[in-house]
Every structure is written in structure tokens, then in C-alpha cells.
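This report refers to the structure that appears directly beneath it.
Reckoned from all heavy atoms, side chains included, excluding hydrogens, waters and symmetry mates. First the proteins, then the strands, lettered A, B, ... as listed; each starts at 1.
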There are 2 protein chains.
Amino acid sequence: MSNGRDARPATLREVAEAVGCSVATVSRVLAGDRPVGPDLARRVQQAARDLGYLPNQVARALRSRSTATVGLVLPQITNPFFPSLMREVERALHEQGRALLLADSADDPALEAERVELLIARQVDGLIVAPVDQERSMATLAKAAARVPVVLLDRSVDEVQADAVTVDNAAGMRLLLEHLKALGHSRFWFLGAAGDASAAVERRAAFQDWAVRHAGFWRVELGDFSVRFGQHTAGRAVTAPAAQRPDAIVCANDLIAAGAVQRLRELGVSVPGELAVTGFDDIDLASLTSPGLTTVRQPNRELAAEAARMLAARIHQPEAAARAVRLTPTLVARGSTVVVQSPQGSTL
Amino acid sequence: MSNGRDARPATLREVAEAVGCSVATVSRVLAGDRPVGPDLARRVQQAARDLGYLPNQVARALRSRSTATVGLVLPQITNPFFPSLMREVERALHEQGRALLLADSADDPALEAERVELLIARQVDGLIVAPVDQERSMATLAKAAARVPVVLLDRSVDEVQADAVTVDNAAGMRLLLEHLKALGHSRFWFLGAAGDASAAVERRAAFQDWAVRHAGFWRVELGDFSVRFGQHTAGRAVTAPAAQRPDAIVCANDLIAAGAVQRLRELGVSVPGELAVTGFDDIDLASLTSPGLTTVRQPNRELAAEAARMLAARIHQPEAAARAVRLTPTLVARGSTVVVQSPQGSTL
DNA sequence: TGTTGTGGGGAAATCGTTATCCGACGTTCC
DNA sequence: GGAACGTCGGATAACGATTTCCCCACAACA
């Protein structure tokens, strides 16, 4: 008893035979790119419907040299920032009638290279990449950009001739630091991510630039974009000798900050009373820790929409000069720096 | 000045011409499916390397009727449970040498139908779907399963002849309820998701079955799988007349529970002192709220791995009988039900 | 009446592979 | 020495669409 799966779907030719015309005609009716007699057209439509005809996109792609598919390469799907970005990218691409081929480079430049190669072999019309590393992703991206339109998303790589849409990390970091300064904080620990991802580098550099000029005391600790790193290092901040203890912990992203806040609660340190904490990204989680995280919001949707738009433009006009768009993030103040009135008036 | 993008990649034919042999031979060397003389083989390898030959997967797919691509259709990428599942699916598929075409059905059966159709038109070798709705996804899935191998993931749809890998939601719910009962709780509010997604239905039903027999008082509130719903409803639980007030809030997933815990903190209600809260899924967030969420862990990785395995098996043997695998979740007890000793001895 | 468009239609090339068929050559075994 | 066989290689159909080229009929025009 067959379940009908092996009954292969109808082809253009079968529709043509059913109608009694040529495949060219059927194709024209369905594509609508050249006029066809009204009667014949109707019969073709009908036959296509009856046979449940679905155009084979693979064949179409082979002939027309366009798969209507773009590859998205992300460095760590685990980091909640990326799924939300991904969702917006998927939405924007779907509106363009393109599909999304997803690849995770797991923060590994070698894996990233492999994935990019695979996607190109699959003839994607373009690539949207959040590169793993400023340096070690360069070769991969340069090679990729020579074969297919590439848009860098969220993180950039200098010297690669490709469009890029990023967020102004330095401006975001300054927003946070000015906010803290206005609240009277002057002793900072910065919990940053090591490595050469552009977001990590820019946030780090922006912190240092500012701290050198305005901080009473500061110190930089490097780890990765993880909750665990935040937990661990926050513990060390509290037990450090008094001279090195901070009154604010500035984290390179929300995951680190969430870890820090949580550990501080466990240690009975009041946030923000004794120690303020800030994050970066404004992932969903940021409003759910307690206290909520003061952070900087990345304009997620705009980022994705702009990337999709740039990619479409470049696909349409491959030789145009590369553009770089930098969006501005906004400050979101919550309980980790400011004592907020809750709706019912209880503070904590 | 061209950037070389329009210089199309080398084809099999060009490699053949460079070597001075036929395309068939080149194909054979590269595929390794039939012996070729060692000398010729070496020259082909060399030429392929020199020309930077990359096999065109689209052409290959057209001819060999296999794209080595599977579609993953998720109901809401926003829910953090799904990205983590997605990540594991991506990993498992990659190990099989398959790529992942991602689609978000945004909890809308109509959109889901559209996406599935699109993926099938793209000739995916199979589909992994977490259906939106037990009832309204049926037609879509039945039609899809007739054309291409389908595996249902995390949520199932009865009467659809397809493989499925799900988690035993009823068992998970019972774990939580027994846990609460052992702690002395007897008055429950259940914050569940409306709609006919199988996970929602099963958790709801399991709660009721148990509550009817063991609860002193219980009540079911229906909303969606969102933080907002948890916040809102937790507020109502606290202000309800004493006779209807719970001593434990059982939530259908972690997002709802996180919202509930957060609102309760704002209201100054001690958790778990006055009111215990439980979640479901054990997403990353669950350990970061304070207190951490007692919840049930879905065996994410096994779920994904099993789905990938089932799909591969079915692709290889399309006519085999449909299988349904149900994995068992495990209880994770945290501060939202149990007062835990933190490492440093401070409680709460 | 002859010429020239023009709209509607078919035949066939094409995209870049894989798969099938067939021939040539060398070996082995009666 | 001839038949049978295994190995290596080439030529050439597919795969299922799009697209180019060409043809025919019919109308319009001089």
C-alpha cells in the first residue's frame, strides 16, 4: 500500500500534455511574462490546479541562476541576542520572497569558513554574516565576497570590501557610562569579552577611552559573552581588596550582566545600592532579572531590515560601492542602576 | 574595475577541458563512485584545485533528486525554547551533511501552510515541524507528509501519518505536582496556554487530571506562552479573595513562570515562602530569575538528535511504518519552590 | 496585391550535474 | 587462438524549468 509519496509531483510537461500545448506556453502563463490567449491561459491555470502543480524551484534556480535563498551565518545561536536578530532577518527576507539557510559557526573561524563555503556551493544569492573574529574571519569573508554578495551584520571586519550594518557600540557604551557618572559612580570594573569580534573590541575600547578620562578607578576583566563569566567575576569584584573594589560593574553584554546580578544577590550585595550593574543588547532576559538590567538597546529589527535591504540592493546591482550603515542604540534604564518605583510602590 | 564576482565559478566542463578528458571522468574522480586511472585522477584533482572548482549543488540536486536540505518549521522563534532546540537540530543535521532551511510560522496555521508549501517547492529532502495547532495544522501536515518525509518535533498532531518525537508532558507535569505536594502545597492556580498545540493541551490535561484527585483547591487560567501573561495573572492571584488564593502557581512554561515570579517580587510576595511557582522547559532563563525556577527539563539535545535520526531513516526508507518516540523529562528544583542554600550561606 | 508588423504559439537550447550505455583494451581461462 | 570478462574512458541522455529563436496567421498599410 503506497502512501503516494513516490508519485512524483506534476511537472510542467505533464501540465502541457494535459492541456495539449507546449511547455513553453505553460511556463509563460504561470510566469505571466508574455501574453497568452485568454482561453488557453484559462485552461492552463485549470490544469495546473487540477494536477496540483508546484514549480520545482531547483530546476528554476539552475536555469535562471538564482535560488532566491540567502545564507545567514551566526557566531553563537546560544546567545539570545542572535535568535531575535535571526527572527527579524527571516521576516525581512520572507517579505522579499527569499528563504533562509541557517548556519551556526559556533564561534570558530574554521567552522565559519566551512559553512560559508557550503552555502556558496548551494548557490545562495547572498550571505548575511555576523563574523566570528575581526582578524581570523577576514580571509573567509574576502573570498566569499568575491563570489557572492555579502552583508556583514552586527559585527564588521575592516578591509573586507562588503556592505555592513552595525550598531554604534562606542556611543552605546558612552551612554551607559555617562548614566553611571550622573548617578555618582566613579569606580568601574569592566567585564568584557576577549577575542577580536568587532562588537567586543569596540565596547572594550570605548570603555577604556572614557574611563581613562573620567573614572576615579577602573579595571578590565576579560572572559567571554557568558552568564558564567559574569557570575564568577562579580564574585571576585566583591571580595577584592577595598582599594580595588568597584561601585559599578559594566558588562559587555546582558548575559554577563545577568550572571553578575544573580551572583551579587546570592552574596547579599544590594544592587544598585552597593553596586550598580549594566549590560548591553537589551535581550528579553534583561527585563526579567531582578533587579532589571540597565542596558543599551540594539535596534534589532532595523538592523535586520537594513541588512536585508542592503543585500537585495547589492544582488540587484553587484558592482555598486560598498556601504556601511551604523545605527544608534538607546539607553534603557532599569533597576540595576536606578531604584525604580514599582507599580504598587514597593521598592526593592 | 570588476571585483571578479561576475567571473562565474568553474564548471565540471571547464575542468574537463583543462585536463583534456570528458566531464564524466571528472565527475567520477570527484565523486569517487567508480575507479579511474591513478594518473588521470591526479591530473583531475589538480585541475579542479587550480580552477577553484566547487560543485554546483543546485545542478547536482536537480539530477540526483536530493538537495541534502531539510526544512525546519517553528511556531515561534521568540520563545527561547525553540532557538535552543533549533541549535541542536542544526548541529545534528550538519553531521549528516544536510543544510537547514528555516521558517517561522509565527503561531499562525495559515502562515505555517504557506511556509511548508514553499519548502516543499524548494525540494527539501524532508521537513521537521513543530506544529502550531493540533487541529488546524492537520491538513497542512497530512498533505506535506504525502509528498515528503515529515517528522513532528516537540508537538504532535494525531491522525497525521508521520514520525514524531515528543516529550512526555503529562509525566513532567506530574513530577512538578508531586514535588509541590511533598512540600505541603495544596491550593493551585494553573497558568496555561490556550489553543490546541499538543504541548499546551497535554500539560493542561495532566494538571487537571492530577488536581481533581489531589488538590485542595485549583483553578485554571488560560492565556499564551508569554511573560506578560504570567505577570498579569500572578497579580490577579495575589489580589483574589482569600478563598480562591493559591499557595502555588503552576505555569505551562518558563516564560509564564518568569513573569509570575517577577511580578510577585514587585508586589512584595515572598517566593516560595508565601507562594511557590513552577515552570516548564528549563530554558536558560530559568536559572537566572531570582529565585531560580523550579521546572522540568526537556531533553533538548536528545529531542533534536532523535528527530534528525528519524528523518534520515525515513528518507532512506520512505515506506516504513511511522514511529512515535516520547522522551522523559526530569525535574529541576530551584528556589521558586525550595529555599536553597546559596554557596555563601545567605539564603533567598 | 505585396509588404510589414504583431500577437500567439512551438521547438529546442541551456543551466551543471549524474547516470546509463557502449566501445576499446588487456587479461585470463579454456 | 578465441570467448568471456573486468576495467577504464567517452558520448550522451536525462533532471525540470526558462529563454531564445523561429514560424505562422492575421491585420494594417502603401
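Each of A:Arg13 and B:Val26 was matched to the nucleotide of DNA chain D holding its nearest heavy atom; the match closer to the 5' end belongs to B:Val26. Nearer to the 5' terminus of DNA chain C, by closest-nucleotide assignment, is the contact made by A:Leu40 (compared with the other of B:Leu62 and A:Leu40).
Test B:Val129, B:Leu303, B:Leu311, B:Val73 against B:Leu153 for side-chain contact (heavy atoms from CB on, under 4.5 Å) and you get one pass: B:Leu303.
Between A:Glu14 atom CD and D:dG16 atom C1' the separation is 11 Å, expressed in whole Å. One interatomic measurement links the two molecules: CZ of A:Arg28 to C1' of C:dG9, which rounds to 6 Å at whole-angstrom precision. Atom CG of A:Leu12 and atom C1' of D:dA14 are 16 Å apart (whole Å). Distance A:Arg122 CZ to C:dG16 P: 18 Å, rounded to the nearest Å. A straight line from CG of A:Leu54 to C1' of D:dC15 spans 17 Å, rounded to a whole angstrom. At whole-Å resolution of the value, CG in B:Asp33 and C1' in D:dG9 are 13 Å apart. When rounded to the nearest whole Å, the span between CZ of B:Arg34 and C1' of D:dA11 equals 13 Å. A:Asp39 has its CG atom 13 Å from the C1' atom of C:dG8, to the nearest Å.
Judged by distance alone, with hydrogens and angles left aside, the side-chain atoms of B:Gln96 form a donor-acceptor pair with the main-chain N or O of B:Ala308 at under 3.5 Å.
Here D:dA11 is the nucleotide among C:dG16, D:dA11, D:dA17 with the atom lying nearest to any side-chain atom of B:Ala24.
With respect to the salt-bridge test (charged N to carboxylate O, under 4.0 angstrom), the residues A:Glu88 and A:Arg91 qualify.
Between C:dG16 and A:Arg65, a contact under 4.0 Å exists linking OP1 or OP2 to a side-chain N or O. Contact annotation: B:Thr25 side-chain N/O to D:dG9 OP1/OP2 distance is not under 4.0 Å. Contact annotation: A:Ser27 reaches the phosphate of D:dT18 (side-chain N/O to OP1 or OP2, under 4.0 Å).
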* Could you go step by step and tell me if B:Arg309 and B:Glu302 meet the salt bridge (charged side-chain N to carboxylate O under 4.0 Å, His left out) rule? -> CA-CA 10 Å; B:Arg309 212 176 306 135; B:Glu302 288 74 15; over 6 Å; no
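Side-chain atoms of B:Arg60 and base atoms of C:dT17 include no donor and acceptor less than 3.5 Å apart. A donor N or O paired with an acceptor N or O is not found under 3.5 Å between the base of C:dG16 and the side-chain atoms of A:Arg63.
Residues B:Leu54 and A:Glu117 have side chains in contact (heavy-atom distance under 4.5 Å, counting atoms from C-beta outward).
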